[in-house]
2 protein chains.
Amino acid sequence: MKRSSAEAESIIAGLTLPNVRSIMFSMSKIPDAELLDRLTEVFRTHGYEGASLSKISDATGLQRASLYHRFPGGKAEMAEAVLTRAGEWLEAHALKPLTESGPPEQRLSRMAEKLDEFYEGGRQSCLLDALSFGVGEGGIRDHQKVAMEAWVEAIATMLRESGLPPRIARERAEDAVIRIEGSLVMARASGDALPFRRTLRSLPQDLLRKPEGTQA
Amino acid sequence: MKRSSAEAESIIAGLTLPNVRSIMFSMSKIPDAELLDRLTEVFRTHGYEGASLSKISDATGLQRASLYHRFPGGKAEMAEAVLTRAGEWLEAHALKPLTESGPPEQRLSRMAEKLDEFYEGGRQSCLLDALSFGVGEGGIRDHQKVAMEAWVEAIATMLRESGLPPRIARERAEDAVIRIEGSLVMARASGDALPFRRTLRSLPQDLLRKPEGTQA
DNA sequence: ATATGTAGACCGAACGTTCGGTACAGGACA
DNA sequence: TGTCCTGTACCGAACGTTCGGTCTACATAT
């Protein structure tokens, strides 16, 4: 009772699952992009230590050995790959609009829009948060520092170019990231995503408001 | 060669290590308060899934089995105990000042002071963050929701009593917690505690500032 | 004063399971 | 054919948990 019949198999000859896979996905059971998506989800919800190979295997449909074929460096390499991909996505979608033309407020709104997408309206955690527990002194930690700094500095640059004093620009950029991260924590802990969306909505105006004590 | 001599034992009679322990610490190898402190540190640093019994055992000096003597419910009960204790501490030290007499700004400063102490200047994570990964639908999750709501509502109440409209008070209270949590995430990811301290410092004035569009 | 009983705190060892990681045989393509 | 990739089977170690038993303190009975 393992297979229905031999005919059934010959009829769809050349269309067996492995062949279909190889045509569509260049020989992989799961394409790189989707594999990374699944990995990202696991790391986001469980953190580094909580993301066991079993969970990863379940989420990706790949066996341990196959995962090690794709990521010879093991779990650490998977986490780094996920971090890299997330960074690239944010850079290309959320940060790039900041450097483009248009009113500053509109550019910030565009970023907020993309962040809302990336964090699925507050339902997903930030990798910089999730991967910051229990990982001590390694490539992952370094990666985080660089990513965090790049994010803050991208916003700060934009605010400076919009006329804000460098110090204020930097502080507000930090504050922006802080509020995004914080609202994600709150959303996760309280089970309510509303504070996250409200934070995103108010970001553009909050960041661009006039400094209070300008030139006394 | 099991004991040095009978005399040696009789001389320090009543002062053998176990006796000293029993007098000072009510018969426990480690008193409850300190045990919970150590537990808190492990959960804060590694999150729930990352806090293995081995790490906990190392941190507390108690063997696995002994930990189960103190917490029959196992790891979950340990996490809940830690959450309860942290909540009580915050309630008693950080939230209580909000209800006392004195200028509102001073009361908020007092809270910020205690939070700085609790989070060790930004070097420690928040349990609501650390324990929100990988724990699904249980007492821990419920505990978090309650704690988060209590925290926000304590600040909101205080802001309302200071004359802010209810809606604004609630939003700003959420914002306060968001910024605290977010700055802790940033501190952890970037390795720099400064944004956390700056956030704490600016909290009182930020929360009490006059609403912008008051009665047009 | 000595013996007995009870209760709590603790530990060593082991439970079955899962951990991250590896070796290898065979399938699918060139 | 040779090269890449996959899945099975497996490794030693660690996981959370439980068991049997020791040690100490204290109350009671003698």
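Chain naming here is simple, since letters A, B, ... match the order of the sequence lines and numbering starts at 1 in each. Given the structure is predicted, the values throughout are model-derived calculations rather than measurements.
- At least one test fails for Arg188(B) against the ring of Tyr119(B): distance under 6.0 Å to the centre or angle within 45° of the axis.
- Checking the phosphate oxygens (OP1, OP2) of dA14(D), no side-chain nitrogen or oxygen of Ser54(B) falls inside 4.0 Å.
- Put simply, NZ on Lys55(B) is 12 Å from C1' on dC19(C), counting in whole angstrom units.
- Within the nucleic acid shown, Arg64(A) comes within 4.0 Å of at least one base atom, counting heavy atoms only.
- Taking atom CD1 of residue Ile30(B) and atom P of nucleotide dG8(C), one finds them 20 Å apart after rounding to whole Å.
- Proximity of His69(B) to the phosphate of dC10(C): no side-chain N or O atom is located under 4.0 Å from OP1 or OP2.
- Protein atom CG of Leu39(A) is 15 Å distant from nucleotide atom C1' of dG20(C), rounded to whole Å.
- Checking the phosphate oxygens (OP1, OP2) of dC19(C), no side-chain nitrogen or oxygen of Lys75(A) falls inside 4.0 Å.
- For the pair Tyr48(A) OH and dG20(C) P, the interatomic distance rounds to 8 Å; values are reported in whole Å.
- At least one side-chain nitrogen or oxygen of Ser66(A) sits closer than 4.0 Å to the OP1 or OP2 atom of dG7(D).
- Summarising the geometry, the separation between OH on Tyr68(A) and P on dT6(D) is reported as 16 Å, rounded to the nearest angstrom.
- Defined by atom type and a distance below 3.5 Å, a donor-acceptor pair is present between the side-chain atoms of Ser54(B) and Arg64(B).
- Here the P atom of nucleotide dG21(C) and the CZ atom of Phe71(A) are 13 Å apart, to the nearest Å.
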